Number of protein chains: 2
Amino acid sequence: MLTRLGDKWTILVVSMLALSPDVPMRFGALKCGIPDISQRMLTLTLRSLERDGLVARSYFPEVPPRVEYELTDRGRSMLEPLATFTAWIRDTWQDIETSRRAFDDTERDRLGDGR
Amino acid sequence: MLTRLGDKWTILVVSMLALSPDVPMRFGALKCGIPDISQRMLTLTLRSLERDGLVARSYFPEVPPRVEYELTDRGRSMLEPLATFTAWIRDTWQDIETSRRAFDDTERDRLGDGR
DNA sequence: CAGGATCCGGGTGGATACTG
DNA sequence: CAGTATCCACCCGGATCCTG
């Protein structure tokens, strides 16, 4: 499950659907809200979430076709625990970045750069 | 950050170190506690966690060498938000697996298996 | 409009051998 | 004991083209 959320797009898709948890979003709207995602990855990500029962897919056989996605109750139940964790990330992120820079710097010293 | 925790081993290493948050663990003990991990991946995972300031590494230049790892304060501060989320996973996991089987079954019907 | 099919490059992680 | 170095298979994800 953590692997799912840790993949490249899941969190972004869930975040989009969580913006207004009751209003379904069209495929194109999601794609528009996550500009860098490819159709393929959006499809695959939504399919995974649907498979886990976190997202519901509604197909309307009109012309042109319309497909809407929304969080299920189960999907919404995930938002709060997830927010608890992302809050920790936000609070800690600056420190983490600082640690990373420090680590990389001493690492570069220890090895001597390849120049 | 979620990508970090979503990778194959980070969560397991953190869990091991969280078992007794004050007692440092040796490299070998960690490897023993996570039987399927390779030396390489354990090293890389610990290095990443150290780089983020979540784990502290202590090297003792003895013979044979001894290296101990423990969670930092920052690492320990992550445990509670993380537990909040993993609790949700535990509570929901059965339902998710059920949804997956149902999804895969109807999918198999829709396509007809290749036999 | 939404998504299926196919091809392809790069990165992740495993196995193995070697070292201080 | 605790790594490092190297090679390699696999899969994820991007780009592109096609369809109901």
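Every chain is numbered from 1 and lettered A, B, ... according to where its sequence line falls, protein lines coming before strand lines. What you see is a predicted model, and the numbers here were worked out from it, not measured in a lab.
- In this structure, A/D73 pairs ionically with A/R76, as a charged nitrogen and a carboxylate oxygen lie closer than 4.0 Å.
- A distance-only check finds a donor-acceptor pair linking the side chain of B/W88 to the backbone of A/S77 [under 3.5 Å].
- When rounded to the nearest whole Å, the span between CD of B/Q39 and C1' of D/dA5 equals 12 Å.
- Under 4.0 angstrom from either OP1 or OP2 of D/dT4 there lies at least one side-chain N or O belonging to B/R47.
- Between A/I11 and A/L5 the shortest heavy-atom distance is CG1-O, 3.6 Å.
- Taking atom CE on B/M41 and atom P on C/dA15, their separation rounds to 12 Å, with Å as the unit.
- Counting to the nearest Å, the P atom of D/dT4 and the OH atom of B/Y59 are 11 Å from each other.
- For C/dC1, neither phosphate oxygen OP1 nor OP2 lies less than 4.0 angstrom from any side-chain nitrogen or oxygen of A/R26.
- Taking atom CD of B/E62 as the reference point, atom C1' of D/dA2 lies 13 Å away to the nearest angstrom.
- For A/R4, no side-chain nitrogen or oxygen approaches OP1 or OP2 of D/dC12 to under 4.0 Å.
- Per the geometry, CG belonging to A/L42 stands 16 Å off C1' belonging to D/dA15, to the nearest Å.
- Across the interface with DNA chain D, nearest-nucleotide mapping of A/W9 and B/L46 shows B/L46 to be the residue nearer the 5′ end.
- Between B/R66 atom CZ and D/dG3 atom P there is a gap of 13 Å when expressed in whole angstrom units.
- Listed pair A/Y69 / C/dG3 meets the phosphate criterion, a side-chain N or O lying under 4.0 Å from OP1 or OP2.
- A donor-acceptor distance shorter than 3.5 angstrom exists from the side chain of A/R74 to the backbone of A/D52, with no hydrogens or angles considered.
- Atom CG of A/D7 is separated from atom C1' of D/dG14 by 15 Å (rounded to the nearest Å).
- B/R40 places its CZ atom 10 Å from the C1' atom of D/dA5, with the value rounded to the nearest Å.
- To the nearest 0.5 Å, atom SG of residue A/C32 and atom CE of residue A/M16 are 8.0 Å apart.
- Using a 4.0 Å heavy-atom cutoff across all strands shown, B/K8 reaches sugar-phosphate atoms only and no base atom.
- Taking 4.0 angstrom as the limit, B/T43 places none of its side-chain polar atoms (N or O) nearer than this to OP1 or OP2 of D/dG3.
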